[in-house]
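Just so we're on the same page: letters track the sequence lines, and every chain starts at 1.
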Amino acid sequence: MRYQKPKGTMDILPGESRKWQYVESIAQDTFNKYRFSEIRTPIFESYDVFERSSGDTSDIVSKEMYDFHDKGDRHIALRPEGTAGVVRAYVENKLYGPENIKPYKVWYKGPMFRYERPQSGRQRQFHQIGLEAFGSDSPELDAEIISVGLEFLNRLGIKNLKVAINTLGDPESRANYHQALVDYFTPFKDELSDDSKVRLEKNPLRILDSKDKGDKKIVANAPSILDYLNDPSQKRFDYLKDLLDDLDINYEVDSTMVRGLDYYNHTIFEFMVTDPAFDNKEITVLAGGRYNGLVEELGGPETPGIGFGLGVERLMMLLKDEDLPSESDLDVYLVTIGEKAERASVKILSDLRRAGFSADKDYLQRKIKAQFKTANNLNAKYTVTIGDSELENSTANVKNMATGEQVSVSLTNLADELKKIEG
RNA sequence: GCGGUAUUGGUGAAGUGGUUAACACAUCGGUUUGUGGUACCGACACACGUGGGUUCGAUUCCCACAUACCGCCCCA
């Protein structure tokens, strides 16, 4: 094996691409219903776009970014996530302009890149489907975003979904909470893991997310964000919960949930699933939240935003074959006998396809028996056999492969005759 | 970035320091020459991830590298 694909990448072969197309079509259909339009942004952006948006304390920026200098010495990065590029496009194209109805709603799909150690469900080139809505701070929009994500996964037949929500509050609440965490953790500083010591300086919220056993014990008694929300933030969160109740959405409040990216505030959420494909461990398939400061951060006007992203590879692992539409069968396999038929087959095939049939033939000059065998393997509905005698009489033998019945029909009207047989 | 396990044909795999690397599936061909799904017969590894080393000799032992999977970290 001379050449191998780069570490952490995948070839999506024809059998698999069918599933991808299916998922993408459901995404498009569901999102369009909620009036999200597709946006396509570059796969690479100026490095600063991600550094600025994700925050330089995030692991994604500090150690997982695929960045390089191009021939013009521009500092470029392959996108590690979708939101930053979409926000950049929103600002650059002045989509905040008054001619656009707010909220401005877009969805995207495509490859993302993170320099990480690959594992199952985690690739260096992976794919996300996500959506964003700009220009409204309404909790009703928050509820809609959660709802559209849920509908999408439900339509794909994903079971055992758990919706976890939390709030990070407005900047004031978040700042107060930040201080409370620093006050709480500082006495334990020596007991914290090395990672968390660094987090204490840079982003104490993320200590809450630590998997370290020692950290977890300390975190267990840490103050909760819910006790530091100011009045508007509290009301907002309560209202969102009411809305989710109205929608009959089952959710759990997880006050220790934080996000890997620094730009979130107010509502954040994750959809978790427990599935044998992941050893019955709970994994996150979809995650998102509100980022009211991000548009401004990237040079736009003060504009609230909210969105989510979901990992397509993980989603694929959850899809059951029975949830997928069945593969479409081949309508006609053309069997040729002899050189004249071989030549005539080109035009016949072309006519059949033009008439709307999926049609194929043998291109390896194989024997009749082998051609029928192939027709059988391809699950062809009909075989059409053409030989010298058929050409002389301008007829064709049409065989129904399921019943074995064979009839002779006019070759000149073959497509029409087939349609008649089909009923 | 750290630790562990693995790497044999199109696929699933067995196996050994030494003349021909099991078996199964798939594929191809044949079983009287213009017809499929069954049955029977036959064919099918430049050789055993790459590069070194040990050895009279390595696919089998050692080292390095690559990749995959699992755990940590982090995340979708």
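Under the 6.0 Å cut-off for aromatic ring centres, A:Tyr382 and A:Tyr333 do not qualify, their centroids lying 6.0 Å or more apart. You'll find the ring centres of A:Trp107 and A:Phe36 outside the 6.0 Å limit.
When heavy atoms are screened at a 4.0 angstrom cut-off, A:Gly8 is found touching the sugar-phosphate backbone but no base atom. Residue A:Gly404 is classed as a base contact, given a heavy-atom separation below 4.0 Å to a base. At the heavy-atom level, A:Gln406 lies under 4.0 Å from base atoms of the strands shown. A:Val285 comes within 4.0 angstrom of sugar-phosphate atoms only, judged by non-hydrogen atoms across all strands, and of no base. Residue A:Asn377 is classed as a sugar-phosphate contact, given heavy-atom separations below 4.0 Å to backbone atoms only. Among the protein residues, A:Thr385 comes within range of the nucleic acid bases, having at least one heavy atom under 4.0 Å from a base atom. Note on A:Ile337: a base of the nucleic acid sits closer than 4.0 angstrom, heavy atoms only. When heavy atoms are screened at a 4.0 angstrom cut-off, A:Glu313 is found touching no nucleic acid atom at all.
The ring pair (Phe, Tyr, Trp, His ring centres under 6.0 Å) contacts involving residues 115-151 of chain A comprise A:Trp20-A:His127, A:Tyr66-A:Tyr115, A:Tyr90-A:Phe134, where partners must be two or more places apart or lie in separate chains.
Here the nucleotide nearest the side chain of A:Phe372, chosen from B:rU35, B:rA76, B:rG37, is B:rU35. Closest to the A:Pro118 side chain, of the nucleotides B:rU67, B:rA76, B:rA68, is B:rA68. Which of B:rA76, B:rG34, B:rC69 sits closest to the side chain of A:Glu390 comes down to B:rG34. The side chain of A:Lys399 has B:rG36 as its nearest neighbour among B:rU67, B:rA76, B:rG36. Nearest to the side-chain atoms of A:Ser389 among the listed nucleotides B:rG34, B:rC75, B:rA66 stands B:rG34. Here the side chain of A:Met401 is nearest to one of B:rG71, B:rU67, B:rG36, namely B:rG36. When distances run from any side-chain atom of A:Glu116 to the nucleotides B:rC75, B:rA76, B:rA66, the shortest one goes to B:rA76.
In this entry the distance linking CZ of A:Arg314 with P of B:rC75 reads 11 Å, nearest Å. Taking atom CD1 of A:Ile283 as the reference point, atom P of B:rG71 lies 12 Å away to the nearest angstrom. At whole-Å resolution of the value, CZ in A:Arg117 and P in B:rG71 are 12 Å apart. The distance between atom OH of A:Tyr382 and atom C1' of B:rU35, rounded to the nearest whole Å, is 17 Å. Atoms CZ (A:Arg114) and C1' (B:rC73) sit 14 Å apart, rounded to a whole Å. Between A:Gln371 atom CD and B:rG37 atom P the separation is 14 Å, expressed in whole Å. Put simply, CD1 on A:Ile368 is 10 Å from P on B:rU33, counting in whole angstrom units. We find that CG of A:Asn376 is positioned 4 Å from C1' of B:rG37, with the value rounded to whole Å.
With C1' as the reference atom, B:rC46 and B:rU8 are 15 Å apart, rounded to whole Å. The same atom, C1', is picked in B:rC63 and in B:rU16; the two are 23 Å apart, to the nearest Å. Spacing between B:rC48 and B:rU59 at atom P, rounded to whole Å, works out to 7 Å. With both ends at atom P, the span from B:rC56 to B:rG42 equals 43 Å, rounded to whole Å. Straight-line distance between the C1' atoms of B:rG49 and B:rA6: roughly 11 Å, to the nearest whole Å. Distance noted for atom C1' between B:rG12 and B:rA22: 14 Å (whole Å). Taking the C1' atom of each, B:rU11 and B:rA45 are spaced 14 Å apart, rounded to whole Å. Comparing B:rG15 with B:rA58, their C1' atoms sit 14 Å apart, to the nearest whole Å.
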Applying the Watson-Crick and G-U criteria (both distances under 3.5 angstrom) with [ ] for crossing and | for other-strand pairs, one obtains for RNA chain B (((((((..(((.....[....))).(((((.......))))).....(((((..]....))))))))))))....
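Here the shortest heavy-atom pairing between A:Gly305 and A:Asn292 reads N-OD1, 3.3 Å. Contact between A:Ala396 and A:Leu411 at its shortest, heavy atoms only, is CB-CD1, 4.0 Å. Listed here is the closest heavy atom pair of A:Ala341 and A:Thr336: O-CG2, 3.8 Å. Nearest approach of A:Lys361 to A:Ser345, heavy atoms of both residues: CE-OG, 2.8 Å.
Not a single donor-acceptor contact under 3.5 angstrom links the side-chain atoms of A:Arg122 to the base of B:rA76. For a distance-only test at 3.5 Å, the side chain of A:Lys367 fails to qualify as a donor-acceptor partner of the base of B:rG29.
Between the side chain of A:Glu92 and the backbone N or O of A:Ala89 there is no donor-acceptor pair closer than 3.5 Å. A side-chain donor-acceptor contact under 3.5 Å links A:Arg124 to the backbone of A:Glu116.
Applying the 4.0 Å criterion to OP1 and OP2 of B:rG36, one finds that A:Asn379 has every side-chain N and O outside that range. OP1 or OP2 of B:rU35 has not a single side-chain nitrogen or oxygen of A:Lys369 nearer than 4.0 Å. Close to B:rG34, at under 4.0 Å from its OP1 or OP2, lies no side-chain N or O of A:Arg366.
Place A:Gly311 and A:Glu405 on RNA chain B by their nearest nucleotides, and A:Glu405 ends up nearer the 5' end. Remark on RNA chain B: of its neighbouring residues A:Ile386 and A:Gln119, the 5'-side contact belongs to A:Ile386, judged by nearest-heavy-atom nucleotide.
Shown are A:Glu132, A:Glu144, A:Glu38; of these, the salt bridge (charged side-chain N to carboxylate O under 4.0 Å, His left out) with A:Lys105 is made only by A:Glu144.
Rounding to the nearest 0.5 angstrom, the gap separating the CD1 atom in A:Ile386 from the CG atom in A:Leu349 is 10.0 Å.
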